[in-house]
Amino acid sequence: MPFAEKSKRAAEKDRRWQRREKPVWLSPVRRIEQVAVEERICAMTFDDGPCALPACPDHFRGKPLTLALAETLERYGAKGTFNVVGDTSGSYPDRTGRTGTASWNGTAYDHYPDFNQDRLGGAANCPELISRLLAGGHELANHSYSHVLFGWSPLIHGQRRNLPDLEAVVADLRRLHRTMEEGWGYPMRLSRPPHCVDTLKGGLTSLDVYALMGYQYLAASFDGRGPAALSCYEEEVEAAWQPLERLLLEDPNALRGQIILQKDGFNRARRTPVAGALEKQLRLLTDHGYRVVTASELLDRAPFRDVTLSSGAGRAARRLLGLGWCVAFQDNTLRPGTVLTRGALAMMAFGRETVRRRIDLIRSGRAPFRDMAPRDPYAAAAAQAAETGAMYAVNGSFRPDAPVSPVEAAQLCSTRLGRTPPLGRWERITHGEFFSLVAEMLDR
(Lines give C-alpha, C1' and ligand atoms only; values in the text may rest on other atoms or scores of the structure.)
Protein backbone atom coordinates (compact mmCIF):
# COMPACT_ATOMS: atom_id res chain seq x y z
CA MET A 1 0.00 0.00 0.00
CA PRO A 2 1.43 3.45 -0.91
CA PHE A 3 2.66 5.53 2.01
CA ALA A 4 0.16 8.33 1.29
CA GLU A 5 -2.74 5.86 1.46
CA LYS A 6 -1.42 4.34 4.71
CA SER A 7 -1.13 7.80 6.26
CA LYS A 8 -4.64 8.70 5.11
CA ARG A 9 -6.13 5.56 6.66
CA ALA A 10 -4.21 6.08 9.90
CA ALA A 11 -5.45 9.65 10.13
CA GLU A 12 -9.05 8.52 9.56
CA LYS A 13 -8.69 5.84 12.26
CA ASP A 14 -7.41 8.52 14.66
CA ARG A 15 -10.33 10.83 13.82
CA ARG A 16 -12.79 8.01 14.49
CA TRP A 17 -11.13 7.32 17.85
CA GLN A 18 -11.35 10.98 18.79
CA ARG A 19 -15.04 11.05 17.86
CA ARG A 20 -15.66 8.06 20.14
CA GLU A 21 -13.70 9.40 23.09
CA LYS A 22 -14.51 13.08 22.98
CA PRO A 23 -17.41 13.97 25.31
CA VAL A 24 -20.43 15.53 23.65
CA TRP A 25 -23.53 17.26 24.90
CA LEU A 26 -26.84 18.50 23.57
CA SER A 27 -26.41 21.64 21.52
CA PRO A 28 -28.30 24.00 19.21
CA VAL A 29 -25.46 23.43 16.73
CA ARG A 30 -25.05 19.99 15.22
CA ARG A 31 -21.78 19.03 13.57
CA ILE A 32 -22.99 17.34 10.39
CA GLU A 33 -20.65 14.67 8.98
CA GLN A 34 -22.96 11.84 7.97
CA VAL A 35 -26.65 11.06 8.43
CA ALA A 36 -28.65 7.85 8.78
CA VAL A 37 -30.38 7.54 5.43
CA GLU A 38 -31.91 4.43 3.92
CA GLU A 39 -31.31 5.30 0.26
CA ARG A 40 -28.11 5.79 -1.71
CA ILE A 41 -27.70 9.53 -1.57
CA CYS A 42 -24.74 11.65 -0.49
CA ALA A 43 -23.55 15.24 -0.66
CA MET A 44 -20.44 16.85 -2.17
CA THR A 45 -19.00 20.04 -0.72
CA PHE A 46 -16.44 22.31 -2.42
CA ASP A 47 -14.32 24.69 -0.32
CA ASP A 48 -12.61 28.03 -0.96
CA GLY A 49 -14.33 29.26 -4.15
CA PRO A 50 -15.66 30.61 -6.30
CA CYS A 51 -12.59 30.50 -8.52
CA ALA A 52 -12.46 32.39 -11.82
CA LEU A 53 -9.07 31.00 -12.84
CA PRO A 54 -9.17 28.04 -15.24
CA ALA A 55 -8.27 24.54 -14.12
CA CYS A 56 -4.59 23.59 -14.15
CA PRO A 57 -3.91 21.82 -16.41
CA ASP A 58 -6.68 23.43 -18.42
CA HIS A 59 -8.89 20.80 -20.04
CA PHE A 60 -11.92 23.10 -20.21
CA ARG A 61 -10.73 25.70 -22.76
CA GLY A 62 -10.30 28.55 -20.30
CA LYS A 63 -13.54 28.10 -18.35
CA PRO A 64 -13.38 29.23 -14.73
CA LEU A 65 -12.76 26.27 -12.46
CA THR A 66 -16.02 26.78 -10.55
CA LEU A 67 -18.02 26.79 -13.77
CA ALA A 68 -16.28 23.61 -14.94
CA LEU A 69 -17.16 21.88 -11.66
CA ALA A 70 -20.78 23.04 -11.81
CA GLU A 71 -21.20 21.81 -15.39
CA THR A 72 -19.64 18.46 -14.52
CA LEU A 73 -22.03 18.02 -11.60
CA GLU A 74 -25.02 18.94 -13.75
CA ARG A 75 -24.17 16.39 -16.43
CA TYR A 76 -24.82 13.74 -13.78
CA GLY A 77 -27.90 15.40 -12.34
CA ALA A 78 -25.91 16.24 -9.20
CA LYS A 79 -26.15 19.30 -6.97
CA GLY A 80 -23.13 20.55 -5.03
CA THR A 81 -22.74 22.54 -1.84
CA PHE A 82 -20.12 25.25 -2.39
CA ASN A 83 -18.49 26.62 0.77
CA VAL A 84 -17.63 30.05 -0.57
CA VAL A 85 -15.45 32.87 0.74
CA GLY A 86 -15.93 36.59 0.25
CA ASP A 87 -12.58 38.17 -0.63
CA THR A 88 -9.03 37.55 0.61
CA SER A 89 -7.46 40.71 -0.83
CA GLY A 90 -7.63 42.53 2.51
CA SER A 91 -5.00 40.25 4.04
CA TYR A 92 -1.88 42.09 2.89
CA PRO A 93 0.99 42.83 3.38
CA ASP A 94 2.01 39.22 3.19
CA ARG A 95 4.56 37.07 1.42
CA THR A 96 4.17 33.82 -0.42
CA GLY A 97 5.72 30.58 0.65
CA ARG A 98 7.28 27.77 -1.34
CA THR A 99 5.13 25.79 -3.76
CA GLY A 100 4.26 22.42 -2.27
CA THR A 101 4.11 23.71 1.30
CA ALA A 102 1.18 24.87 3.42
CA SER A 103 2.20 28.50 2.82
CA TRP A 104 2.07 28.24 -0.97
CA ASN A 105 -0.61 30.95 -1.14
CA GLY A 106 0.54 33.12 1.76
CA THR A 107 2.62 32.90 4.91
CA ALA A 108 0.41 34.88 7.27
CA TYR A 109 -2.93 34.42 5.50
CA ASP A 110 -4.61 32.40 2.78
CA HIS A 111 -5.11 34.10 -0.59
CA TYR A 112 -7.60 32.60 -3.02
CA PRO A 113 -7.35 31.53 -5.72
CA ASP A 114 -3.62 32.30 -5.33
CA PHE A 115 -1.21 34.90 -4.01
CA ASN A 116 -1.78 38.26 -5.76
CA GLN A 117 -4.70 36.69 -7.66
CA ASP A 118 -7.38 37.54 -5.07
CA ARG A 119 -9.40 39.56 -7.57
CA LEU A 120 -10.23 36.29 -9.35
CA GLY A 121 -11.69 34.55 -6.31
CA GLY A 122 -14.46 34.93 -3.74
CA ALA A 123 -18.09 35.96 -3.94
CA ALA A 124 -17.29 39.69 -3.87
CA ASN A 125 -15.08 39.42 -6.97
CA CYS A 126 -16.94 36.74 -8.92
CA PRO A 127 -20.65 37.62 -8.74
CA GLU A 128 -21.31 35.95 -12.10
CA LEU A 129 -20.11 32.62 -10.73
CA ILE A 130 -22.31 32.95 -7.64
CA SER A 131 -25.29 33.64 -9.90
CA ARG A 132 -24.40 30.66 -12.07
CA LEU A 133 -24.19 28.31 -9.09
CA LEU A 134 -27.58 29.41 -7.82
CA ALA A 135 -29.11 29.13 -11.29
CA GLY A 136 -27.85 25.53 -11.43
CA GLY A 137 -29.61 24.65 -8.18
CA HIS A 138 -26.43 24.34 -6.15
CA GLU A 139 -26.17 25.34 -2.50
CA LEU A 140 -23.92 27.96 -0.92
CA ALA A 141 -22.48 27.76 2.58
CA ASN A 142 -20.48 30.30 4.58
CA HIS A 143 -16.75 29.54 4.65
CA SER A 144 -16.06 33.01 6.13
CA TYR A 145 -15.51 36.26 4.26
CA SER A 146 -11.71 36.53 4.53
CA HIS A 147 -10.75 32.90 5.26
CA VAL A 148 -8.73 33.95 8.31
CA LEU A 149 -8.45 31.23 10.97
CA PHE A 150 -10.97 31.54 13.80
CA GLY A 151 -8.23 30.76 16.32
CA TRP A 152 -4.62 29.64 16.52
CA SER A 153 -3.75 26.01 15.87
CA PRO A 154 -0.28 24.55 16.42
CA LEU A 155 -1.01 21.64 14.09
CA ILE A 156 -2.60 23.45 11.15
CA HIS A 157 -0.73 26.38 9.61
CA GLY A 158 0.99 27.31 12.88
CA GLN A 159 2.43 30.52 11.42
CA ARG A 160 -0.92 31.78 10.21
CA ARG A 161 -2.60 34.78 11.79
CA ASN A 162 -6.00 34.32 13.37
CA LEU A 163 -8.96 36.48 14.32
CA PRO A 164 -8.68 38.01 17.80
CA ASP A 165 -11.97 36.98 19.41
CA LEU A 166 -15.50 35.70 18.99
CA GLU A 167 -16.85 39.10 17.96
CA ALA A 168 -14.36 39.33 15.09
CA VAL A 169 -15.29 35.86 13.88
CA VAL A 170 -19.01 36.69 13.98
CA ALA A 171 -18.39 39.97 12.13
CA ASP A 172 -16.44 38.17 9.40
CA LEU A 173 -19.17 35.57 8.91
CA ARG A 174 -21.92 38.19 8.95
CA ARG A 175 -20.12 40.18 6.30
CA LEU A 176 -20.39 37.29 3.85
CA HIS A 177 -23.92 36.49 5.05
CA ARG A 178 -25.01 40.06 4.26
CA THR A 179 -23.23 39.96 0.90
CA MET A 180 -25.27 36.93 -0.10
CA GLU A 181 -28.57 38.30 1.23
CA GLU A 182 -28.17 41.78 -0.28
CA GLY A 183 -26.76 40.63 -3.62
CA TRP A 184 -28.83 37.51 -4.26
CA GLY A 185 -31.50 37.32 -1.56
CA TYR A 186 -29.86 34.08 -0.47
CA PRO A 187 -29.86 33.19 3.25
CA MET A 188 -27.01 30.90 4.29
CA ARG A 189 -27.71 28.26 6.92
CA LEU A 190 -24.56 26.10 6.92
CA SER A 191 -20.91 26.93 7.59
CA ARG A 192 -17.50 25.30 7.77
CA PRO A 193 -14.57 27.05 9.53
CA PRO A 194 -11.41 27.82 7.56
CA HIS A 195 -9.21 24.71 7.76
CA CYS A 196 -11.79 23.34 10.25
CA VAL A 197 -10.03 25.08 13.16
CA ASP A 198 -12.66 25.25 15.91
CA THR A 199 -10.95 26.70 18.99
CA LEU A 200 -11.24 30.43 19.66
CA LYS A 201 -9.59 32.55 22.31
CA GLY A 202 -11.26 32.65 25.70
CA GLY A 203 -12.36 29.03 25.86
CA LEU A 204 -15.01 29.38 23.14
CA THR A 205 -15.39 27.42 19.93
CA SER A 206 -16.84 27.67 16.45
CA LEU A 207 -20.00 26.04 17.79
CA ASP A 208 -20.60 29.09 19.99
CA VAL A 209 -20.16 31.27 16.90
CA TYR A 210 -22.56 29.19 14.84
CA ALA A 211 -25.12 29.17 17.65
CA LEU A 212 -25.11 32.98 17.55
CA MET A 213 -25.42 32.93 13.75
CA GLY A 214 -28.18 30.30 13.66
CA TYR A 215 -25.95 28.04 11.54
CA GLN A 216 -25.31 24.32 11.55
CA TYR A 217 -21.73 23.07 11.28
CA LEU A 218 -21.11 21.52 7.87
CA ALA A 219 -18.36 18.96 8.44
CA ALA A 220 -17.48 16.00 6.20
CA SER A 221 -16.99 12.26 6.54
CA PHE A 222 -15.06 11.40 3.36
CA ASP A 223 -12.13 13.31 1.88
CA GLY A 224 -12.45 13.34 -1.90
CA ARG A 225 -9.59 15.76 -2.51
CA GLY A 226 -6.75 13.29 -2.38
CA PRO A 227 -3.33 14.29 -0.96
CA ALA A 228 -2.28 17.93 -0.82
CA ALA A 229 0.26 17.40 -3.61
CA LEU A 230 2.01 14.50 -5.34
CA SER A 231 4.71 14.33 -7.97
CA CYS A 232 2.38 14.95 -10.92
CA TYR A 233 -1.22 15.81 -11.83
CA GLU A 234 -2.10 12.31 -13.03
CA GLU A 235 -1.11 10.78 -9.68
CA GLU A 236 -3.17 13.40 -7.85
CA VAL A 237 -6.26 12.65 -9.94
CA GLU A 238 -5.92 8.91 -9.28
CA ALA A 239 -5.42 9.53 -5.56
CA ALA A 240 -8.67 11.50 -5.50
CA TRP A 241 -10.99 8.91 -7.11
CA GLN A 242 -9.41 5.53 -6.40
CA PRO A 243 -10.16 5.51 -2.63
CA LEU A 244 -13.82 6.15 -3.45
CA GLU A 245 -13.78 3.24 -5.91
CA ARG A 246 -12.20 0.89 -3.36
CA LEU A 247 -14.72 1.89 -0.71
CA LEU A 248 -17.70 1.25 -2.98
CA LEU A 249 -16.29 -2.09 -4.14
CA GLU A 250 -15.92 -3.17 -0.51
CA ASP A 251 -19.39 -1.96 0.43
CA PRO A 252 -21.75 -0.36 -2.13
CA ASN A 253 -23.69 1.27 0.75
CA ALA A 254 -20.60 2.80 2.38
CA LEU A 255 -21.29 6.34 1.16
CA ARG A 256 -24.96 6.47 2.07
CA GLY A 257 -25.61 9.74 3.89
CA GLN A 258 -21.97 10.81 3.77
CA ILE A 259 -20.69 14.33 3.07
CA ILE A 260 -17.72 14.34 0.71
CA LEU A 261 -15.05 17.02 1.01
CA GLN A 262 -13.72 18.61 -2.20
CA LYS A 263 -11.84 21.80 -3.11
CA ASP A 264 -12.93 24.54 -5.51
CA GLY A 265 -9.40 25.77 -6.04
CA PHE A 266 -5.75 24.84 -6.33
CA ASN A 267 -3.73 22.43 -4.25
CA ARG A 268 -0.26 23.15 -2.85
CA ALA A 269 1.32 22.32 -6.20
CA ARG A 270 -0.96 24.92 -7.86
CA ARG A 271 -2.85 22.19 -9.71
CA THR A 272 -6.55 21.27 -9.70
CA PRO A 273 -6.95 17.48 -9.58
CA VAL A 274 -10.60 17.99 -8.64
CA ALA A 275 -11.25 19.00 -12.26
CA GLY A 276 -10.00 15.64 -13.51
CA ALA A 277 -11.27 13.44 -10.67
CA LEU A 278 -14.79 14.80 -10.21
CA GLU A 279 -16.26 13.15 -13.31
CA LYS A 280 -14.69 9.82 -12.37
CA GLN A 281 -16.14 10.11 -8.86
CA LEU A 282 -19.59 10.99 -10.17
CA ARG A 283 -19.52 8.13 -12.66
CA LEU A 284 -18.65 5.70 -9.87
CA LEU A 285 -21.43 7.00 -7.66
CA THR A 286 -23.95 6.88 -10.51
CA ASP A 287 -22.94 3.33 -11.43
CA HIS A 288 -23.59 2.29 -7.83
CA GLY A 289 -27.04 3.89 -7.79
CA TYR A 290 -26.23 7.08 -5.86
CA ARG A 291 -27.69 10.54 -6.24
CA VAL A 292 -25.60 13.54 -5.19
CA VAL A 293 -27.77 16.16 -3.47
CA THR A 294 -27.11 19.36 -1.56
CA ALA A 295 -26.20 19.07 2.10
CA SER A 296 -29.49 20.73 3.05
CA GLU A 297 -31.51 18.19 1.08
CA LEU A 298 -29.55 15.41 2.73
CA LEU A 299 -30.40 16.86 6.15
CA ASP A 300 -34.03 17.25 5.20
CA ARG A 301 -34.24 13.57 4.31
CA ALA A 302 -32.27 12.41 7.37
CA PRO A 303 -31.54 14.99 10.09
CA PHE A 304 -29.60 12.75 12.48
CA ARG A 305 -26.50 10.57 12.38
CA ASP A 306 -27.72 7.50 14.26
CA VAL A 307 -31.51 7.35 13.83
CA THR A 308 -33.57 7.30 10.64
CA LEU A 309 -36.86 9.09 10.17
CA SER A 310 -38.58 5.73 9.79
CA SER A 311 -38.16 5.21 13.55
CA GLY A 312 -40.60 6.62 16.10
CA ALA A 313 -37.80 8.37 17.98
CA GLY A 314 -36.52 9.96 14.77
CA ARG A 315 -39.93 11.32 13.75
CA ALA A 316 -40.70 12.61 17.24
CA ALA A 317 -37.28 14.24 17.60
CA ARG A 318 -37.61 15.95 14.25
CA ARG A 319 -40.94 17.41 15.37
CA LEU A 320 -39.34 18.89 18.49
CA LEU A 321 -36.40 20.10 16.40
CA GLY A 322 -38.88 22.07 14.30
CA LEU A 323 -40.19 23.70 17.48
CA GLY A 324 -36.71 24.95 18.35
CA TRP A 325 -35.72 22.29 20.87
CA CYS A 326 -32.13 21.05 21.09
CA VAL A 327 -32.80 17.35 20.66
CA ALA A 328 -29.44 16.21 19.25
CA PHE A 329 -25.94 16.04 20.61
CA GLN A 330 -23.10 18.07 19.09
CA ASP A 331 -22.09 15.14 16.91
CA ASN A 332 -25.65 15.05 15.50
CA THR A 333 -26.61 11.84 17.28
CA LEU A 334 -29.91 11.39 19.12
CA ARG A 335 -28.73 8.49 21.33
CA PRO A 336 -32.34 7.60 22.11
CA GLY A 337 -31.35 5.03 24.75
CA THR A 338 -29.54 7.62 26.89
CA VAL A 339 -31.19 8.35 30.25
CA LEU A 340 -32.63 11.88 30.31
CA THR A 341 -31.09 14.05 33.03
CA ARG A 342 -32.23 17.37 34.45
CA GLY A 343 -29.37 19.22 32.76
CA ALA A 344 -30.16 17.65 29.38
CA LEU A 345 -33.87 18.46 29.73
CA ALA A 346 -33.09 22.12 30.48
CA MET A 347 -30.81 22.22 27.44
CA MET A 348 -33.43 20.67 25.19
CA ALA A 349 -35.96 23.32 26.10
CA PHE A 350 -33.82 26.44 26.61
CA GLY A 351 -30.52 25.84 24.81
CA ARG A 352 -31.36 27.76 21.66
CA GLU A 353 -32.36 30.94 23.49
CA THR A 354 -29.49 30.96 26.00
CA VAL A 355 -26.54 31.03 23.60
CA ARG A 356 -25.45 34.54 24.53
CA ARG A 357 -25.97 33.80 28.22
CA ARG A 358 -23.65 30.78 27.97
CA ILE A 359 -20.92 32.98 26.49
CA ASP A 360 -21.41 35.58 29.21
CA LEU A 361 -21.15 32.90 31.92
CA ILE A 362 -17.89 31.59 30.50
CA ARG A 363 -16.42 35.07 30.29
CA SER A 364 -17.57 36.16 33.73
CA GLY A 365 -16.52 32.99 35.52
CA ARG A 366 -19.63 33.19 37.73
CA ALA A 367 -21.30 29.86 38.46
CA PRO A 368 -25.13 29.90 38.37
CA PHE A 369 -25.42 27.02 40.85
CA ARG A 370 -23.22 25.41 43.45
CA ASP A 371 -23.07 22.20 41.42
CA MET A 372 -22.64 23.69 37.93
CA ALA A 373 -19.48 25.49 36.81
CA PRO A 374 -19.68 28.48 34.44
CA ARG A 375 -18.28 26.32 31.64
CA ASP A 376 -20.80 23.54 32.15
CA PRO A 377 -22.48 23.26 28.72
CA TYR A 378 -25.92 23.15 30.36
CA ALA A 379 -25.37 25.94 32.91
CA ALA A 380 -27.06 28.78 31.02
CA ALA A 381 -30.07 26.66 30.05
CA ALA A 382 -30.43 25.41 33.62
CA ALA A 383 -30.38 28.96 34.95
CA GLN A 384 -33.08 29.95 32.48
CA ALA A 385 -35.19 26.91 33.36
CA ALA A 386 -35.03 27.77 37.06
CA GLU A 387 -35.80 31.47 36.53
CA THR A 388 -38.88 30.73 34.41
CA GLY A 389 -40.24 28.17 36.86
CA ALA A 390 -39.97 25.36 34.35
CA MET A 391 -37.60 23.53 36.71
CA TYR A 392 -36.55 24.03 40.31
CA ALA A 393 -33.20 24.43 42.00
CA VAL A 394 -33.03 23.59 45.73
CA ASN A 395 -30.60 25.30 48.12
CA GLY A 396 -28.58 26.68 45.22
CA SER A 397 -28.12 23.28 43.55
CA PHE A 398 -29.61 22.21 40.23
CA ARG A 399 -28.61 18.50 40.24
CA PRO A 400 -27.90 18.42 36.48
CA ASP A 401 -26.97 14.71 36.42
CA ALA A 402 -30.07 13.49 38.25
CA PRO A 403 -32.63 11.56 36.16
CA VAL A 404 -35.78 13.48 35.27
CA SER A 405 -38.86 12.54 37.29
CA PRO A 406 -42.40 12.35 35.84
CA VAL A 407 -43.40 15.48 37.75
CA GLU A 408 -40.38 17.41 36.43
CA ALA A 409 -41.11 16.39 32.84
CA ALA A 410 -44.75 17.42 33.19
CA GLN A 411 -43.82 20.75 34.75
CA LEU A 412 -41.39 21.67 31.99
CA CYS A 413 -43.78 20.66 29.20
CA SER A 414 -46.55 22.68 30.81
CA THR A 415 -44.30 25.75 30.96
CA ARG A 416 -42.71 25.43 27.52
CA LEU A 417 -45.48 23.88 25.43
CA GLY A 418 -48.62 24.85 27.32
CA ARG A 419 -49.61 21.19 27.61
CA THR A 420 -49.06 18.59 30.27
CA PRO A 421 -48.27 14.97 29.39
CA PRO A 422 -49.86 12.19 31.43
CA LEU A 423 -47.86 11.45 34.55
CA GLY A 424 -46.11 8.15 34.06
CA ARG A 425 -44.42 5.96 36.60
CA TRP A 426 -40.73 5.70 36.00
CA GLU A 427 -37.48 6.10 37.81
CA ARG A 428 -35.66 6.89 34.59
CA ILE A 429 -36.82 7.89 31.13
CA THR A 430 -34.64 7.82 28.01
CA HIS A 431 -34.33 10.56 25.41
CA GLY A 432 -36.22 8.46 22.89
CA GLU A 433 -39.07 7.73 25.31
CA PHE A 434 -39.32 11.41 26.16
CA PHE A 435 -39.49 12.40 22.48
CA SER A 436 -42.35 9.94 21.93
CA LEU A 437 -44.13 11.11 25.08
CA VAL A 438 -44.06 14.73 23.93
CA ALA A 439 -45.08 13.87 20.37
CA GLU A 440 -48.11 11.92 21.66
CA MET A 441 -49.03 14.83 23.91
CA LEU A 442 -48.88 17.29 20.99
CA ASP A 443 -51.08 14.99 18.90
CA ARG A 444 -53.87 14.96 21.48
Side-chain angles (χ1 to χ4, degrees), residues 24-32 35 141-142 166-167 169-170 173-174 177 187-191 198 200 204-219 296 299-300 303-305 307 313-336 338 340-363 368 372 374-391 398 400 404 408-409 411-419 431 434-435 437-439 441-442:
V24 295
W25 47 84
L26 294 174
S27 170
V29 177
R30 294 135 55 210
R31 194 175 189 276
I32 315 297
V35 295
N142 194 330
L166 176 140
E167 285 73 21
V169 175
V170 170
L173 288 167
R174 282 182 175 160
H177 190 98
M188 290 178 162
R189 293 292 179 262
L190 299 170
S191 184
D198 293 324
L200 282 67
L204 301 171
T205 73
S206 60
L207 276 79
D208 295 304
V209 172
Y210 291 157
L212 287 173
M213 295 288 298
Y215 284 164
Q216 296 302 326
Y217 189 132
L218 182 59
S296 287
L299 280 172
D300 185 60
F304 310 115
R305 184 184 181 109
V307 175
R315 290 192 302 271
R318 182 176 188 170
R319 187 166 183 183
L320 282 174
L321 187 69
L323 294 175
W325 284 48
C326 300
V327 297
F329 290 84
Q330 281 184 325
D331 62 358
N332 199 32
T333 57
L334 281 185
R335 307 186 186 198
T338 300
L340 182 63
T341 64
R342 285 170 49 84
L345 181 59
M347 188 67 181
M348 279 188 190
F350 293 97
R352 198 171 296 277
E353 67 187 61
T354 55
V355 172
R356 173 53 67 180
R357 186 169 188 172
R358 164 181 155 74
I359 294 168
D360 292 341
L361 280 177
I362 291 174
R363 286 176 165 174
M372 296 188 81
R375 293 184 180 275
D376 188 303
Y378 299 157
Q384 187 87 347
E387 289 173 8
T388 59
M391 301 181 76
F398 189 80
V404 170
E408 289 168 338
Q411 178 182 338
L412 184 134
C413 288
S414 176
T415 303
R416 288 303 279 168
L417 298 173
R419 299 185 187 183
H431 286 221
F434 179 74
F435 297 150
L437 176 72
V438 174
M441 176 195 68
L442 293 174

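Here the structure is a predicted model, which is why all the values come from computation and not from measurement.
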List in chain and number order the residues that pass side chain to side chain contact (heavy atoms under 4.5 Å, CB included) with [X], two or more places apart in sequence or in another chain; answer none if no residue qualifies.
| X | value |
| --- | --- |
| Ala390 | Phe350, Thr388, Leu412, Thr415 |
| Thr341 | Ala344 |
| Pro374 | Ala367 |
| Leu361 | Pro368, Ala379, Ala380 |

Inter-residue atom distance [X].[atom1] - [Y].[atom2], 0.5 Å rounding:
| X | Y | atom1 | atom2 | result |
| --- | --- | --- | --- | --- |
| Met213 | Ser191 | CE | OG | 7.5 Å |
| His431 | Leu320 | NE2 | CG | 12.0 Å |
| Arg189 | Gln216 | CZ | CD | 10.5 Å |
| Leu212 | Ile359 | CG | CD1 | 4.0 Å |
| Leu190 | Met188 | CG | CE | 9.5 Å |
| Ser206 | Arg31 | OG | CZ | 8.0 Å |

So [Y] and [X], do their side chains get closer than 4.5 Å, heavy atoms only?
| X | Y | value |
| --- | --- | --- |
| Leu26 | Trp325 | no |
| Phe434 | Val404 | no |
| Tyr217 | Asn332 | no |
| Leu204 | Val169 | no |
| Cys413 | Met441 | yes |
| Gln330 | Trp25 | yes |

For [X], enumerate each residue passing the salt bridge (charged side-chain N to carboxylate O under 4.0 Å, His left out) test, keeping only those at least two apart in sequence or located in another chain.
| X | answer |
| --- | --- |
| Arg416 | Glu353 |
| Arg318 | Asp300 |
| Arg342 | Glu408 |

Between [X] and [Y], what is the shortest heavy-atom contact and its length?
| X | Y | answer |
| --- | --- | --- |
| Pro28 | Met347 | CD-CE, 3.6 Å |
| Ala385 | Ala346 | CB-CB, 4.1 Å |
| Asp208 | Val355 | O-CG1, 4.2 Å |
| Pro377 | Arg358 | CA-NH1, 3.8 Å |
| Leu218 | Ala141 | CD2-CB, 4.2 Å |
| Leu442 | Arg419 | O-NH1, 2.7 Å |

Next on the checklist: Does this structure show an ion pair linking Asp331 with Arg305, if we count only N-O contacts that are shorter than 4.0 Å?
Outcome noted: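 Salt bridge flag = no for Arg305 with Asp331.
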Holding to side-chain hydrogen bond (donor to acceptor under 3.5 Å, both in side chains), I want the full list of residues that pass it with [X], two or more places apart in sequence or in another chain.
| X | answer |
| --- | --- |
| Thr205 | none |
| Arg357 | Gln384, Glu387 |
| Arg363 | Glu167 |

Checklist entry - Which residues satisfy the ring-ring contact (aromatic ring centres under 6.0 Å, His included) test with Phe398, sequence neighbours excluded? => result Phe369
Checklist entry - Can you name the ring-ring contact (aromatic ring centres under 6.0 Å, His included) partners of Tyr378, sequence neighbours left out? => result none
Next on the checklist: Consider side chain to side chain contact (heavy atoms under 4.5 Å, CB included). Of Leu299, Leu207, Val35, which one does Arg30 pass it with?
Outcome noted: Leu299
Next on the checklist: Below 30° counts as parallel, above 60° as perpendicular, anything between as tilted: where do the rings of His177 and Tyr215 land?
Outcome noted: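 Correct class here is tilted.
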Checklist entry - Stepwise, does the side-chain contact (heavy atoms from CB on, under 4.5 Å) test hold for Phe304 with Val327? => result CA-CA 10 Å; Phe304 310 115; Val327 297; 4.0 Å; yes
